[in-house]
Novice: 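Quick one: structure below, then a few questions.
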Amino acid sequence: MTKTAFITGITGQDGSYLAELLLRKGYEVHGLIRRASTFNTSRIDHLYEDPHDRGVKMFLHYGDLSDGSRLAGLLAEINPDEVYNLAAQSHVRVSFDEPEHTGDVTGLGTTRMLEAVRRAGIDTRIYQASTSEMFGASPPPQAEDTPFYPRSPYGAAKVYSYWMTRNYREAYGMYAVNGILFNHESPRRGETFVTRKITRAVARIQAGTQHELYLGNLDAIRDWGYAPEYVEGMWRSLQADAPTDYVLATGVGITVEEFLAGAFEAAGLDWHNHVKFDERYLRPTEVDALIGDASKAERELGWKATVHGPELARLMVESDIQELAHEGRPWHDSVSLASWEA
Ligand code: NAP
Ligand code: F7E
């Protein structure tokens with residue numbers, strides 16, 4: 001029997017990789033997209049099929065996490081086996097500028113999804129994209145039982161979503177799972193997150209079209225993994241017999257400066273010659289160190305991250321150099337995913 005999945009945030013980094021994965025597994029995939037005045041589907045254009053053709057497996061629906069009645073209508077109509085709630089205002093720094101909007105979408109948006117499923121009365125497994133930002137000031141290593149201490153409006157909104165997901169599981173017996181995701185990156189990473197900001201700049205500096213790169217705090221430690229591996233972990237989390245929450249992380253933490261050095265080295269450059277400080281990239285409250293303990297996911301799901309730190313920096317730099325050389329090329333990744341297709 002063909003399984004059906006509904007993905008919010010399908011146009012984002014993770015949504016695009018997850019859509020690919022589920023299509024490869026034979027799912028019918030439905031995605032929520034926002035109406036925009038310009039095209040916002042560049043990450044999934046290569047998956048698009050004309051809905052007039054026969055045998056189409058991917059369908060896109062306009063909607064927004066701020067619109068509960070639309071979500072309820074779509075959930076009742078699609079009746080998916082699995083829902084992946086990946087949509088969010090996901091930028092930590094921006095959440096300080098837009099705390100109310102972040103609370104509405106990243107926080108209440110999750111409740112709207114959960115409530116839409118509950119009211120539709122459908123038998124659906126739900127994956128909530130929770131985050132290591134919920135741990136905030138709690139020192140590493142962070143695991144499923146580490147106390148939350150969020151340090152941003154984004155982190156606080158995700159803590160609310162985390163508890164709503166658990167509450168719907170406990171109150172209504174719903175199969176609802178939190179994935180506590182540590183940072184994960186890729187050539188499709190949004191251009192204003194620090195890894196991609198760095199790797200795009202490296203490509204431009206090497207090409208001679210950019211000379212300086214302005215950054216904020218270089219001392220923060222992050223546990224950076226590779227996004228395609230994390231969407232595999234999301235899917236595995238929904239295949240378990242019983243719903244429970246899982247940390248997904250590499251277990252390796254490096255500083256922003258170490259990632260920076262690795263990225264510049266990958267192009268034969270020295271970051272000291274190009275990087276300048278700009279305080280606008282500092283956050284009012286910073287998360288100093290996130291290093292995850294994903295042993296539960298390894299034990300119960302057989303999931304283990306294999307790409308991190310310098311290798312990740314290298315593959316993102318290579319991709320940005322190629323992208324600059326061949327503007328408009330289709331998305332491509334340099335690490336084989338074959339081993340993840342269980
Ligand atoms: P992303 O690239 O920023 O994608 C976010 C997605 O959410 C986009 O598709 C965006 O649509 C959509 N979206 C934003 N506001 C929306 C709204 N009001 N209604 C409907 N859709 C909306 O994020 P990502 O890196 O793929 O992350 C996926 C999820 O995992 C997010 O919930 C994020 O908070 C969480 N997470 C990510 C990481 C990470 O390191 N990547 C770590 C922990 C947790 P547009 O394309 O139209 O903007
Ligand atoms: O910052 C520092 C910054 O914005 C990483 C999201 O996916 O992961 C992500 O959130 C670090 C921070 O990611 C710049 O201060 C220095 O310490 O790439 P980022 P993030 O804040 O860790 C979590 C797990 C999520 O859930 C989020 O959705 O880098 N940093 N200079 C900078 N950061 C940015 N963006 N820009 C700079 O110029």
Side-chain angles (χ1 to χ4, degrees), residues 7-19 31-36 38-44 61-67 70-71 84-95 98 101-102 104-106 108-110 112-113 127-136 150-152 154-155 157-158 161 178-186 188-198 201 213-227 230-231 234 247-249 255-257 259-260 275-290 292:
I7 305 174
T8 72
I10 194 169
T11 56
Q13 171 188 255
D14 292 3
S16 66
Y17 284 120
L18 182 65
L32 188 76
I33 61 166
R34 299 197 282 180
R35 192 270 156 182
T38 51
F39 290 126
N40 59 357
T41 53
S42 62
R43 291 187 179 101
I44 52 170
H61 309 268
Y62 283 115
D64 197 293
L65 278 197
S66 61
D67 184 351
R70 174 62 172 154
L71 294 175
Y84 296 86
N85 187 34
L86 309 186
Q89 190 304 92
S90 71
H91 203 285
V92 173
R93 168 68 199 91
V94 172
S95 78
E98 301 185 357
H101 172 72
T102 303
D104 187 29
V105 173
T106 306
L108 263 182
T110 306
R112 293 188 185 104
M113 275 299 309
Y127 188 87
Q128 167 58 19
S130 289
T131 168
S132 51
E133 281 290 308
M134 301 188 303
F135 298 126
R151 297 269 285 170
S152 65
Y154 169 78
K158 285 284 189 179
S161 286
N178 283 291
I180 307 179
L181 306 163
F182 282 64
N183 299 55
H184 46 280
E185 321 292 310
S186 74
R188 297 183 198 175
R189 185 56 145 151
E191 292 85 349
T192 61
F193 295 97
V194 78
T195 53
R196 187 80 199 289
K197 183 173 168 180
I198 291 169
L213 167 64
Y214 287 90
L215 294 173
N217 175 21
L218 303 187
D219 296 329
I221 295 171
R222 290 291 183 275
D223 177 335
W224 280 296
Y226 185 46
Y230 286 59
V231 302
M234 293 178 188
V247 161
L248 298 183
T255 61
V256 174
E257 185 177 321
F259 186 93
L260 180 65
V275 173
K276 295 198 166 152
F277 172 72
D278 186 336
E279 67 179 9
R280 92 178 67 181
Y281 300 116
L282 298 179
R283 286 119 199 240
T285 40
E286 175 64 286
V287 170
D288 293 328
L290 295 173

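The shown structure was predicted, so the numbers you read here are calculated from the model rather than taken from an experiment. First listed ligand is number 1; within each ligand, the first listed atom is number 1.
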Novice: Where is the tightest heavy-atom contact between Leu218 and Leu260, given as atom of each residue plus distance?
Specialist: CD1-CD2, 4.1 Å
Novice: Can Ser161 and Thr110 be counted as having a side-chain donor-acceptor contact under 3.5 angstrom?
Specialist: yes
Novice: Could you check atom 11 (C) of ligand 2 against the protein and tell me its nearest heavy-atom contact, residue, atom and distance included?
Specialist: Val256 CG2, 3.9 Å
Novice: Identify, with sequence neighbours excluded, every residue that meets side-chain hydrogen bond (donor to acceptor under 3.5 Å, both in side chains) alongside Glu133.
Specialist: none
Novice: Kindly write out the residues that satisfy side-chain hydrogen bond (donor to acceptor under 3.5 Å, both in side chains) with His61, not counting sequence neighbours, or none if the list is empty.
Specialist: His30
Novice: In the protein, what heavy atom is nearest to atom 2 (C) of ligand 2, and what distance, to one decimal place, separates them?
Specialist: Asn217 O, 3.7 Å
Novice: Please work out, at 4.0 Å between heavy atoms, whether the side chain, the backbone, both, or neither of Leu215 comes within that distance of ligand 2.
Specialist: both
Novice: Step through the shown structure and confirm whether more than 12 heavy atoms of other residues, nucleotides or ligands are within 6.0 Å of OH on Tyr281.
Specialist: yes
Novice: Which value, rounded to the nearest 0.5 Å, describes the distance between Lys158 atom NZ and Ser132 atom OG?
Specialist: 10.5 Å
Novice: Is there a side-chain contact between Tyr84 and Val231 in this structure, where contact means two heavy atoms from C-beta onward sitting under 4.5 Å apart?
Specialist: no
Novice: Does Phe193 form a side chain to side chain contact (heavy atoms under 4.5 Å, CB included) with Val92? I'd like the steps, not just the answer.
Specialist: CA-CA 9 Å; Phe193 295 97; Val92 173; over 6 Å; no
Novice: Which protein residues have a heavy atom closer than 4.0 Å to any atom of ligand 1, listed by chain and number?
Specialist: Gly9, Thr11, Gly12, Gln13, Asp14, Arg34, Asn40, Asp64, Leu65, Leu86, Ala87, Ala88, Ser90, Val105, Ala129, Ser130, Thr131, Tyr154, Lys158, Leu181, Phe182, Asn183, His184, Arg189
Novice: Should one rank Arg189, His91, His184, Glu133 by closest heavy-atom distance to atom 7 (O) of ligand 2, which comes out on top?
Specialist: Arg189
Novice: Is ligand 2 under 4.0 Å from a heavy atom in the side chain of Ala220, in the backbone, in both, or in neither?
Specialist: side chain
Novice: Ignoring hydrogens and angles, tell me if any N or O in the side chain of Arg112 forms a donor-acceptor pair with the backbone of Leu65 under 3.5 Å.
Specialist: yes
Novice: Should you measure from each heavy atom of Arg222, which atoms of ligand 2 turn up under 4.0 Å away?
Specialist: 12 (C), 17 (O), 22 (O)
Novice: For ligand 2, is any non-hydrogen atom under 4.0 Å from Thr192's backbone (N, CA, C, O), its side chain (CB onward), both, or neither?
Specialist: backbone
Novice: Which one holds for Val92 and ligand 2: side chain close, backbone close, both close, or neither close, with close meaning a heavy atom under 4.0 Å?
Specialist: side chain
Novice: Under a heavy-atom criterion of less than 4.0 Å, does Arg283 contact ligand 2?
Specialist: yes
Novice: Indicate, as side chain, backbone, both or neither, the part of Lys158 found under 4.0 angstrom from ligand 2 when only non-hydrogen atoms are considered.
Specialist: neither
Novice: Considering non-hydrogen atoms of the protein only, which is the closest contact for atom 32 (C) of ligand 2, and what is the distance?
Specialist: Val194 CG2, 3.5 Å
Novice: Any side-chain donor paired with an acceptor under 3.5 Å for Thr106 and Gln89?
Specialist: no
Novice: For atom 8 (O) of ligand 2, what is the closest protein heavy atom, and at what distance to 0.1 Å?
Specialist: Asn183 ND2, 3.0 Å
Novice: Ser186 versus Gln13: any side-chain heavy-atom pair under 4.5 Å?
Specialist: yes
Novice: Mind checking what makes side chain to side chain contact (heavy atoms under 4.5 Å, CB included) contact with Glu286, not counting sequence neighbours?
Specialist: Asn217, Ala220, Arg222, Arg283, Asp288
Novice: Does any N or O of ligand 2 fall below 3.5 Å from an N or O anywhere on Lys197, backbone included?
Specialist: yes
